[in-house]
Participant: 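Before I ask anything, here is the structure I am working with.
What you see below is based on every heavy atom in this structure, not just the backbone, and it leaves out hydrogens, waters and symmetry mates. Each chain gets a letter, A, B and so on, in the order its sequence line appears, and its residues count up from 1.
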Amino acid sequence: MKRKYRSLAAQEARLAFWMLLPALLIVASIILFPVIANFWISFKSIGLGDLRPPVAVIRERVTAFPEQPGEELAVSYQVRNSSRERQLTDVIITADIPEGLTPVEPAGMWEFENRQMTAGFAQWEGGRSETFEVRFLADEAFFQADVPERSPTSAEVISSSKNALIHSPFTLENFRTVLRARNFHRSLINSFVYPFMGALLSIILGIMAALMLNKRFFGQGFLRGLYLFPYVSPIIAATFVWVFFLDPFSGTVNALLVDTGILAEPVSFLSVRMTELSLFGMSIPFPLALSMVIFFDAWRYFPFAFLFILSRLQAIPEQLYESAEVDGAGFFRKFWSIPLPQITTVLGTLFLLRFMWTFNKFDDVFLLTGGAAGTKTLPIEVYDNAFGRGNIGAGSASAVLLFLMLGVFMLIYFRLLREVDNE
Amino acid sequence: MNKRTITPQGLAASAVLGIFYTILTVFIWYLTVSLLSPHNALPSLMHMIPSGLLLGAAVGYLRHTYRGNTRGKALSAAAGAVMGLAWLLLSGFRPLGTETVTFGGILGSLLAFPAAALFSRNSLRDVTLWNFEKGHAELLAMRILKSFGIFIFTLAVVFPFFFMLSSSLKPRAEYLMDPANLSVNLMQPAADLFRGYTDVLIRFNFFQFILNSAFVSMATVIITLIPAILGAYAVTRLHFPGRNVMSRIILLIYMFPAIVLVIPLYSVFTQLGLRDTRHGLLLVYAAMTIPVALYTLRSYFMTLHQDLEDAGLIDGLSRFGVILRITIPLSTPAIASIGLFVFMIAWNEFLFAYMFLDTPSIFTLARGMVMLDDQEVPRQYLMAGAVIITVPIMVLFVKFQKLLVGGLTAGGVKE
């Protein structure tokens with residue numbers, strides 16, 4: 001009986017394995033493997049060009065063409081490595097010998113068999129280029145067959161090369177490149193300021209929107225749906241719109257601000273790194289472009305916080321408010337003692353979640369400013385290194401740094417989640 | 001009648017209310033006129049404040065005198081109309097300070113002040129003006145804040161989309177002449193009005209991109225849902241070692257950033273020849289959405305009663321028969337909402353479409369927009385493209401809002 005039970009359990013486990021397999025396979029190959037590969041590549045010196053494997057290239061040229069039987073056909077073969085640095089292995093040249101041709105003084109490197117000639121090289125250095133000439137004696141048959149004049153022997157070459165991703169030597173150079181870059185500390189600071197402020201603002205706006213739409217009134221449902229628009233709209237459409245309406249020459253926002261006298265002249269909001277704000281007679285430096293990116297994020301992601309907080313608020317029974325009303329509590333007193341305690345745990349996890357997502361965010365900054373004007377963050381650094389400068393290794397090294405920092409945040413997040421669950 | 005008289009505090013509170021609501025409605029009026037016509041001129045605060053003060057006091061008085069009957073409401077609106085007329089007469093029918101007499105000026109004036117009066121009156125509900133307390137002042141302050149808040153939020157949310165729509169219908173010469181004017185000349189022939197759309201759809205091949213985006217998004221939904229349903233079923237219904245760890249790991253993977261995956265996937269997909277292909281792209285999309293889908297489905301399956309499934313098993317259905325005939329039909333709402341989410345994520349996705357696709361015939365809409373941007377086409381075209389990529393998502397969202405909002409708060413959505 002025990003045996004039978006155990007085999008049933010084993011059967012169930014096997015079934016579970018097969019049912020999970022498709023999901024695991026896809027996730028393992030497209031998410032887990034790349035993360036590990038990222039660590040690997042960060043220790044390799046690899047450029048964008050190295051992804052395309054080097055190949056041997058052959059060029060066949062006729063240097064002498066026979067006019068009549070008994071004359072010679074001379075063909076030269078230029079073989080070169082498409083890469084200047086990387087070695088090729090097993091380079092094999094093959095060429096057909098058309099009817100009516102006989103090789104003159106067969107050279108040592110060629111082997112002739114069944115009207116085919118081949119030559120092989122175990123290794124072929126990067127940048128090496130060599131020319132071989134072969135001469136053939138033509139007879140009657142050659143002139144009867146219609147041999148093309150351009151490449152009479154249709155020569156081909158095959159080669160193989162080691163995959164740079166796997167075989168290039170390990171190095172710490174990438175991390176050195178990333179950490180020593182002139183403005184790396186700036187990106188690092190931005191990488192914290194941008195998600196921190198973005199998350200904070202989006203949550204504050206979310207709380208405000210949720211408090212405004214908490215009580216039922218005419219148009220409440222409509223506004224709730226409307227306020228989610230920024231969040232569901234495609235990022236590329238949203239960013240293009242912001243870029244255009246903030247434009248100094250054709251943007252509506254600038255035009256309105258100038259018309260109402262708030263601005264003396266149009267401001268290029270997304271391309272000015274620093275501006276002076278005068279406040280109570282003091283002028284304080286203000287990072288304009290970075291702030292605009294933060295405002296964009298607050299605008300785009302406040303609906304996320306709004307929805308979460310609203311659903312929490314609506315779970316609070318109406319009687320609580322009514323009894324507070326009877327006690328004569330004012331608005332702030334009520335807010336402080338009724339909904340705020342209910343949403344503090346949500347706010348904590350919401351902040352961390354938003355912080356982490358914004359920390360990883362590439363699209364928003366890239367599409368708004370491209371990382372210019374003091375808005376560069378770590379994800380932009382990853383892209384710039386890998387694809388802007390073509391240094392895949394350095395890009396991976398930046399990604400590794402990003403991932404490690406994210407790991408710390410995730411640890412905090414999951415600890416917090418567990419505490420919330422325990423409550 | 002009632003002997004109680006309105007106190008000075010009550011009157012002052014109404015006046016303050018009047019000032020704020022007048023500023024609000026006059027500002028809405030100004031904004032509407034300046035966005036929808038070539039005129040831009042903001043009336044001075046020096047005119048708004050005394051008008052609002054008078055209007056508010058009048059509304060407070062009327063509200064107090066006619067409390068308990070509806071005549072007060074009509075009289076308040078009338079007081080607003082009188083104030084509007086006064087503005088018209090005093091400004092020579094040019095209340096916004098425009099050069100000529102404008103339709104927007106006259107109509108706006110006659111609408112803004114009655115609206116301010118009604119808003120003020122509405123805010124005075126539950127407030128006893130003969131016995132005005134500190135708590136009332138706080139209540140009124142909150143109501144004013146709420147009105148301004150709703151106005152600002154709505155403006156901030158609607159303006160970008162309005163700007164997008166309007167810009168897609170305006171040629172370069174028009175918007176450069178007056179960037180603040182977002183009105184669209186609807187009198188022109190349709191072919192001119194929709195020039196941006198026809199050019200983008202046909203000349204820039206967006207028609208093809210719509211089909212590509214639709215194909216990629218729908219295929220992603222299918223490749224995500226099948227493994228996710230199977231996996232979620234296994235995690236909730238079957239016992240196997242490591243079951244709990246599995247759910248944790250799923251949640252963890254859900255947090256992995258796309259930017260960390262981009263370099264290795266780019267490198268490996270390039271070498272495998274998968275990079276510039278549609279199936280390569282949708283494989284990546286599916287991998288990014290499977291963890292969320294699995295996690296959300298798992299939560300849903302846990303709320304389903306197992307009795308029906310057990311009955312199915314006893315009646316001789318196989319496991320797959322149970323999933324197909326019982327579990328899936330029972331969880332249609334959850335599956336539909338996840339499917340919609342996945343569709344939206346795939347439709348909106350930018351990074352991988354941008355990095356992977358080089359061949360224009362397989363571009364998705366997001367990738368097509370970048371191509372448009374590269375070609376230095378006028379803003380009209382880009383905004384037409386933006387409308388084309390946004391509208392399907394908005395239609396889906398509005399149509400299935402209930403379904404989506406529930407799912408959004410349940411599992412959150414990966415961006």
Participant: Given that the side chain runs from C-beta out, which part of I392(A) has a heavy atom under 4.5 Å from chain B: side chain, backbone, both or neither?
Facilitator: both

Participant: Which atoms of I290(B) come close to chain A, meaning under 4.5 Å heavy atom to heavy atom: side chain ones, backbone ones, both, or neither?
Facilitator: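 Only the side chain of I290(B) comes within 4.5 Å of chain A.
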
Participant: Heavy atoms only, distances under 4.5 angstrom: which of T270(B), L176(B), V398(B), L351(B) has the most pairs with chain A? Name it, please.
Facilitator: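 Of the candidates given, the most pairs with chain A belong to L351(B).
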
Participant: Side chain from CB out, backbone as N, CA, C, O: work out which of these in W242(A) comes under 4.5 Å of a heavy atom of chain B, or both, or neither.
Facilitator: side chain

Participant: Given that the side chain runs from C-beta out, which part of F163(B) has a heavy atom under 4.5 Å from chain A: side chain, backbone, both or neither?
Facilitator: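 Just the side chain, heavy atoms under 4.5 Å.
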
Participant: Quick one: what part of F306(A) sits under 4.5 Å from any heavy atom of chain B, side chain, backbone, both or neither?
Facilitator: neither

Participant: Counting heavy-atom pairs under 4.5 Å with chain B, which one of S396(A), A255(A), P303(A), P234(A) comes out on top?
Facilitator: P234(A)

Participant: Identify which part of V235(B) has an atom lying under 4.5 Å from any heavy atom of chain A, answering side chain, backbone, both or neither.
Facilitator: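 Side chain only.
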
Participant: Tell me, out of N360(A), T252(A), L367(A), V253(A), who's got the most heavy-atom pairs with chain B below 4.5 Å.
Facilitator: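 Counting heavy-atom pairs under 4.5 Å, the top option is T252(A).
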
Participant: Chain B heavy atoms under 4.5 Å from L310(A): which part of the residue, side chain, backbone, both or neither?
Facilitator: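 L310(A) has no heavy atom closer than 4.5 Å to chain B.
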
Participant: Can you tell which of A237(A), P53(A), P34(A), A238(A) has the highest number of heavy-atom pairs within less than 4.5 Å of chain B?
Facilitator: P34(A)

Participant: Identify which part of I150(B) has an atom lying under 4.5 Å from any heavy atom of chain A, answering side chain, backbone, both or neither.
Facilitator: both

Participant: Please state whether the side chain, the backbone, both or neither of F387(A) comes within less than 4.5 Å of a heavy atom of chain B.
Facilitator: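 For F387(A), the side chain is the part near chain B, not the backbone.
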
Participant: Considering only heavy atoms and a distance below 4.5 Å, find which of L378(A), V382(A), V400(A), L402(A) pairs most often with chain B.
Facilitator: V382(A)

Participant: Name the region of M177(B), side chain, backbone, both or neither, that has any atom closer than 4.5 Å to a heavy atom of chain A.
Facilitator: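 Interface part for M177(B): neither.
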
Participant: For the residue pair A287(B) and I30(A), what are the closest heavy atoms and their distance?
Facilitator: CB-CB, 3.3 Å

Participant: Over 60° means perpendicular and under 30° means parallel, so tell me whether W347(B) and F343(B) are parallel, tilted or perpendicular.
Facilitator: parallel

Participant: Please classify the contact of L226(A) with chain B as side chain, backbone, both or neither, using a heavy-atom distance under 4.5 Å.
Facilitator: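 Looking at L226(A), backbone and side chain both touch chain B.
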
Participant: Name the region of I393(B), side chain, backbone, both or neither, that has any atom closer than 4.5 Å to a heavy atom of chain A.
Facilitator: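 Interface part for I393(B): side chain.
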
Participant: Does any backbone or side-chain atom of L223(A) lie under 4.5 Å from a heavy atom of chain B? Answer side chain, backbone, both or neither.
Facilitator: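 Interface part for L223(A): side chain.
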
Participant: So which part of F33(A) gets closer than 4.5 Å to some heavy atom of chain B, the side chain, the backbone, both or neither?
Facilitator: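 Contact with chain B involves the side chain of F33(A) alone.
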
Participant: Assess, by modelled atom type and distance only, whether the side chains of Y381(B) and S168(B) contain a donor and an acceptor separated by less than 3.5 Å.
Facilitator: no

Participant: Between Y383(A), Y413(A), W40(A), which shows the greatest number of heavy-atom pairs under 4.5 Å with chain B?
Facilitator: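 Looking at each option in turn, the highest pair count goes to Y383(A).
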
Participant: Please classify the contact between M410(A) and chain B as side chain, backbone, both or neither, with a heavy-atom cut-off of under 4.5 Å.
Facilitator: side chain

Participant: With a 4.5 angstrom heavy-atom cut-off, which part of R319(B) approaches chain A: side chain, backbone, both or neither?
Facilitator: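 Contact with chain A is through the side chain of R319(B) alone.
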
Participant: Using non-hydrogen atoms and a 4.5 Å limit, figure out which bit of L252(B) sits close to chain A: side chain, backbone, both or neither.
Facilitator: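 Looking at L252(B), backbone and side chain both touch chain A.
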
Participant: So what's closer than 4.5 Å to chain B heavy atoms on F249(A): side chain, backbone, both or neither?
Facilitator: backbone

Participant: Got a sec, which residues hit salt bridge (Lys or Arg N to Asp or Glu O under 4.0 Å) with R298(B), two or more places apart in sequence or on another chain?
Facilitator: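 Listed in chain order: nothing, the list is empty.
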
Participant: Is L32(A) in contact with chain B via its backbone, its side chain, both, or neither, using a 4.5 Å heavy-atom distance?
Facilitator: side chain

Participant: Tell me, side chain or backbone of M394(B) under 4.5 Å from chain A's heavy atoms, or both, or neither?
Facilitator: side chain

Participant: Contact part of F414(A) toward chain B, heavy-atom cut-off under 4.5 Å: side chain, backbone, both or neither?
Facilitator: side chain

Participant: Is it the side chain or the backbone of L382(B) that comes within 4.5 Å of chain A heavy atoms, both, or neither?
Facilitator: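 For L382(B), the side chain is the part near chain A, not the backbone.
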
Participant: Report which part of L396(B) has an atom under 4.5 Å of a heavy atom belonging to chain A: side chain, backbone, both, or neither.
Facilitator: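 Neither; nothing under 4.5 Å.
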
Participant: Between L21(A) and chain B, which part of the residue has a heavy atom less than 4.5 Å away: side chain, backbone, both or neither?
Facilitator: neither

Participant: Quick one: what part of L261(B) sits under 4.5 Å from any heavy atom of chain A, side chain, backbone, both or neither?
Facilitator: both

Participant: Check step by step if side-chain contact (heavy atoms from CB on, under 4.5 Å) holds for F256(B) and V27(A).
Facilitator: CA-CA 11 Å; F256(B) 279 14; V27(A) 170; over 6 Å; no

Participant: Between N254(A), N38(A), I36(A), which residue shows the highest count of heavy-atom pairs closer than 4.5 Å to chain B?
Facilitator: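 Between N254(A), N38(A), I36(A), the count favours N38(A).
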
Participant: Using heavy-atom distances under 4.5 Å, tell me whether L353(A) contacts chain B through its side chain, its backbone, both, or neither.
Facilitator: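 When you check distances to chain B, only side chain atoms of L353(A) fall under 4.5 Å.
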
